[in-house]
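Read the structure below first, then the notes.
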Amino acid sequence: MKRESNIEMCRIVTMLLVLLLHANYLSLGGWNMLIYKKIACRRLLRRLQSNYV
Amino acid sequence: MFVLISGWFGIRPNVRGGLSLLFQVFFYHILFIVLFLCIGETVSLTQILEGFYFGKPYWFVISYLILYALSPVLNAFIESSTPRIYASVLIAFFLMEFIYGWITNLAAFNSGYTTISFIGLYLLAQFVRRYSCKLLSLSAYKCFLLYILFSILPVGIFFLTGHRCNMIAYSSPFVILSSLFFFLAFNQMRISSKVINYLACSSLSIYLIHLHPLIYKHFINLMRTTYEVLGGCLYVIFVLMFAVCFGMFCVLLDKARILSWNYLCSHIVNKVLLRFNKLIDRLYSCLGF
């Protein structure tokens with residue numbers, strides 16, 4: 001079967017997108033989640049402190 | 001995407017093709033074990049075995065191999081069914097997948113990271129190629145816009161409602177539709193280049209190398225450290241440059257794998273396969289096939 005360059009190009013771009021996805025989502029996803037949790041904890045702490053005062 | 005492309009052209013399975021895929025996995029696995037042992041890094045027995053029995057990161061390889069083995073059944077269905085039956089099967093399949101694989105995410109679908117999901121994609125690609133004249137008449141520009149739309153839509157829903165929409169699951173209709181339009185956009189283009197063909201035949205190596213159990217932890221650490229040091233904007237530039245350079249490195253490394261495979265084929269594999277085929281013929285004649 002003759003290889004079509006447009007489909008081959010699609011394969012290359014897909015692989016690069018997979019690499020970018022893993023670099024951003026899998027590597028930083030967990031990290032960002034920690035930051036979000038940290039922010040949420042701070043807000044909760046502030047709310048508790050204001051209620052206490 | 002790889003499954004959509006396979007479905008579009010149809011898989012013609014043979015033992016040599018299956019062995020070639022297995023060799024590709026084992027080549028990098030053995031190479032990295034040797035390399036890591038040489039530089040004095042500790043390699044656990046689990047990590048060594050993981051590459052041979054296709055641990056979690058290589059789910060794609062085993063799912064694809066099962067699809068490869070089942071492809072004659074799917075091809076026979078594609079050839080013999082009427083468009084109406086074909087469409088009914090696809091509607092029933094994707095309805096099940098969206099309900100049980102995307103919304104409720106039952107174990108049988110595992111977010112679409114299974115052969116079942118691959119079967120649906122394989123059939124979908126052939127259906128579009130054979131019967132979907134309207135989709136095929138869309139220009140590359142429109143297909144690309146639809147790809148962007150279906151990629152952004154779940155993100156928009158997330159920001160508006162806070163619902164994650166199981167965003168990166170392969171069973172998500174957004175992922176399936178965006179992949180289909182991404183593929184159709186390229187299908188409408190007219191490109192002819194020997195360089196692209198040369199690079200593309202090694203594209204799977206990018207996946208196999210960066211998800212290798214020994215490489216992956218370093219890959220993740222590098223990304224996290226760079227993000228911490230450089231921050232948002234510079235990190236984007238870094239990651240784009242890294243993707244291109246890493247991709248080129250993997251492709252070049254894969255050329256060594258291709259040379260090794262060709263050498264093995266001419267010296268060992270072809271002879272073994274000849275004997276194997278004779279053995280299978282004898283077995284079939286004994287069984288009366």
Side-chain angles (χ1 to χ4, degrees), chain A, chain B residues 1-2 4-5 8-10 12 57 60 140 151 167-168 179 182-211 216 219-228 232 235-236 238-240 242-244 246-248 250-251:
Chain A
M1 188 185 290
K2 200 188 167 207
R3 291 155 64 90
E4 294 172 31
S5 296
N6 47 341
I7 305 294
E8 298 297 303
M9 186 73 184
C10 178
R11 282 170 66 184
I12 298 173
V13 176
T14 304
M15 261 312 139
L16 291 177
L17 286 176
V18 168
L19 190 69
L20 287 173
L21 174 83
H22 286 164
N24 292 299
Y25 188 85
L26 296 184
S27 305
L28 305 177
W31 198 248
N32 285 342
M33 285 302 280
L34 279 177
I35 295 166
Y36 292 140
K37 276 180 188 171
K38 201 174 162 185
I39 294 166
C41 283
R42 273 186 190 169
R43 278 182 190 165
L44 188 71
L45 198 69
R46 243 180 264 158
R47 201 180 292 171
L48 285 170
Q49 278 173 340
S50 62
N51 285 347
Y52 184 73
V53 171
Chain B
M1 189 58 66
F2 271 61
L4 279 176
I5 295 171
W8 188 264
F9 292 107
R12 300 279 171 268
F60 176 85
S151 304
M167 222 183 286
I168 60 161
S179 308
F182 184 77
F183 171 73
L184 288 174
F186 277 93
N187 189 49
Q188 298 296 346
M189 292 176 191
R190 290 287 162 262
I191 311 168
S192 182
S193 162
K194 283 182 182 174
V195 180
I196 291 172
N197 294 357
Y198 178 78
L199 297 175
C201 63
S202 297
S203 55
L204 187 65
S205 65
I206 301 173
Y207 170 85
L208 293 175
I209 292 173
H210 89 275
L211 282 184
Y216 189 57
F219 171 71
I220 283 186
N221 282 340
L222 175 72
M223 291 305 151
R224 280 181 184 171
T225 315
T226 317
Y227 184 69
E228 277 177 60
Y235 175 76
V236 172
F238 166 79
V239 88
L240 285 170
F242 174 83
V244 174
F246 187 79
M248 290 301 290
C250 295
V251 166

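Below, chains carry the letters A, B, ... as their sequence lines are ordered, and counting in each starts from 1.
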Closer than 3.5 angstrom, by distance alone: can the side chain of A/Asn6 be matched with the main-chain N or O of B/Asn187 as a donor-acceptor pair? yes
Check: A/Ser5 side chain, B/Ile196 main-chain N or O, donor-acceptor pair, under 3.5 Å: no
Quick one: pull up [atom1] in [X] and [atom2] in [Y] and give me the separation to the nearest 0.5 Å.
{"X": "A/Glu8", "Y": "B/Leu199", "atom1": "CD", "atom2": "CG", "result": "10.0 Å"}
{"X": "A/His22", "Y": "B/Ile206", "atom1": "NE2", "atom2": "CD1", "result": "12.5 Å"}
{"X": "B/Ser203", "Y": "A/Met9", "atom1": "OG", "atom2": "CE", "result": "11.5 Å"}
{"X": "B/Phe9", "Y": "A/Ile7", "atom1": "CZ", "atom2": "CD1", "result": "4.5 Å"}
{"X": "A/Leu16", "Y": "B/Phe246", "atom1": "CG", "atom2": "CZ", "result": "11.0 Å"}

Who wins among A/Leu19, A/Thr14, A/Ile12 for the most heavy-atom pairs under 4.5 Å with chain B? A/Leu19
Under 4.5 Å to a heavy atom of chain A? For B/Phe183 that would be both
Options B/Cys250, B/Gly247, B/Ala243, ranked by heavy-atom pairs under 4.5 Å with chain A, top entry: B/Ala243
Nearest atoms (heavy-atom pairs only) where B/Met1 meets A/Cys10: SD-SG, 3.8 Å
Does the pair B/Phe186 and A/Arg11 meet the rule for a side-chain contact (heavy atoms from CB on, under 4.5 Å), with working shown? CA-CA 10 Å; B/Phe186 277 93; A/Arg11 282 170 66 184; over 6 Å; no
